[in-house]
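Step one of this worksheet: look at the structure below.
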Amino acid sequence: MEEQGVGWIAAIVIGGIAGWLAEKFMKSDMGVIMNIILGIVGAIVANAILGLFGIALGGWLGYLIAGFIGAVILIWVGRLIKR
């Protein structure tokens, strides 16, 4: 996260926003803490997946986009596992 110019506090804030956006998009019901976790872990997952295709997102906006994409993927996978 530091390499992209996003600090820990910013990662928590941006992760929370990304998780909340993904929660609304996927119509799931989770709490604030889970939104933050989904956003941060989602950003890591999405950056890893996008890295395989040679795409790198950096900065606040890139972290938000990656967090949203990753959180949506994690919610989707979670729903698949629940079934």
Side-chain angles (χ1 to χ4, degrees):
M1 283 181 281
E2 290 294 330
E3 297 170 0
Q4 300 174 0
V6 178
W8 286 104
I9 294 173
I12 292 170
V13 171
I14 296 169
I17 294 169
W20 177 77
L21 289 171
E23 174 187 57
K24 296 302 178 192
F25 181 74
M26 295 295 287
K27 295 181 176 111
S28 70
D29 187 27
M30 300 179 185
V32 174
I33 300 298
M34 193 61 182
N35 285 342
I36 293 170
I37 293 169
L38 275 174
I40 293 172
V41 175
I44 295 168
V45 169
N47 278 326
I49 292 170
L50 293 173
L52 295 174
F53 297 105
I55 300 170
L57 300 175
W60 287 61
L61 185 59
Y63 190 81
L64 180 65
I65 293 168
F68 173 75
I69 292 169
V72 167
I73 291 170
L74 290 175
I75 291 170
W76 178 72
V77 168
R79 286 182 180 171
L80 285 178
I81 292 172
K82 275 187 172 181
R83 292 182 189 181

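In this chain, numbering begins with 1 at the start of the sequence shown.
- Here the closest non-hydrogen pair linking Tyr63 and Ala43 is CE1-CB, 3.6 Å.
- For the atom pair CG of Leu38 and CE of Met30, the computed distance is 5.0 Å after rounding to the nearest 0.5 Å.
- Hydrophobic clustering, with ILVMFWY side chains joined whenever heavy atoms are under 4.5 angstrom apart, groups Ile75 together with Ile81.
- Minimum interatomic distance between Trp60 and Ile14 (heavy atoms only, all atoms of both residues): CE3-CD1, 3.2 Å.
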*asked:* If you apply the rule side chain to side chain contact (heavy atoms under 4.5 Å, CB included), what do you find for Ile69 with Ile49, and how did you get there?
replied: CA-CA 10 Å; Ile69 292 169; Ile49 292 170; over 6 Å; no
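- The distance from the CZ atom of Phe68 to the NZ atom of Lys24 is 13.0 Å, given to the nearest 0.5 Å.
- Gly16 approaches Asn35 most closely through the heavy-atom pair O-CB, 4.0 Å.
- When all heavy atoms of Arg79 and Ser28 are compared, the closest pair comes out as NH2-CB, 3.5 Å.
- Of all the heavy atoms in Gly39 and Ala18, the pair that sits closest is CA-CB, 4.3 Å.
- Within the model, atoms CG of Leu61 and CD1 of Ile65 stand 4.0 Å from one another, a figure rounded to the nearest 0.5 Å.
- To the nearest 0.5 angstrom, Asn47 atom CG is 11.0 Å from Leu52 atom CG.
- Under a hydrophobic clustering in which Ile, Leu, Val, Met, Phe, Trp and Tyr are joined whenever their side-chain heavy atoms come within less than 4.5 Å, directly or via other members, Ile33 and Ile9 fall into different clusters.
- Atom CD1 in Ile44 sits 10.0 Å away from atom CG in Leu74 (nearest 0.5 Å).
- Counting all heavy atoms, side chain and backbone alike, Ile40 lies closest to Ile12 at CD1-CA, 4.1 Å.
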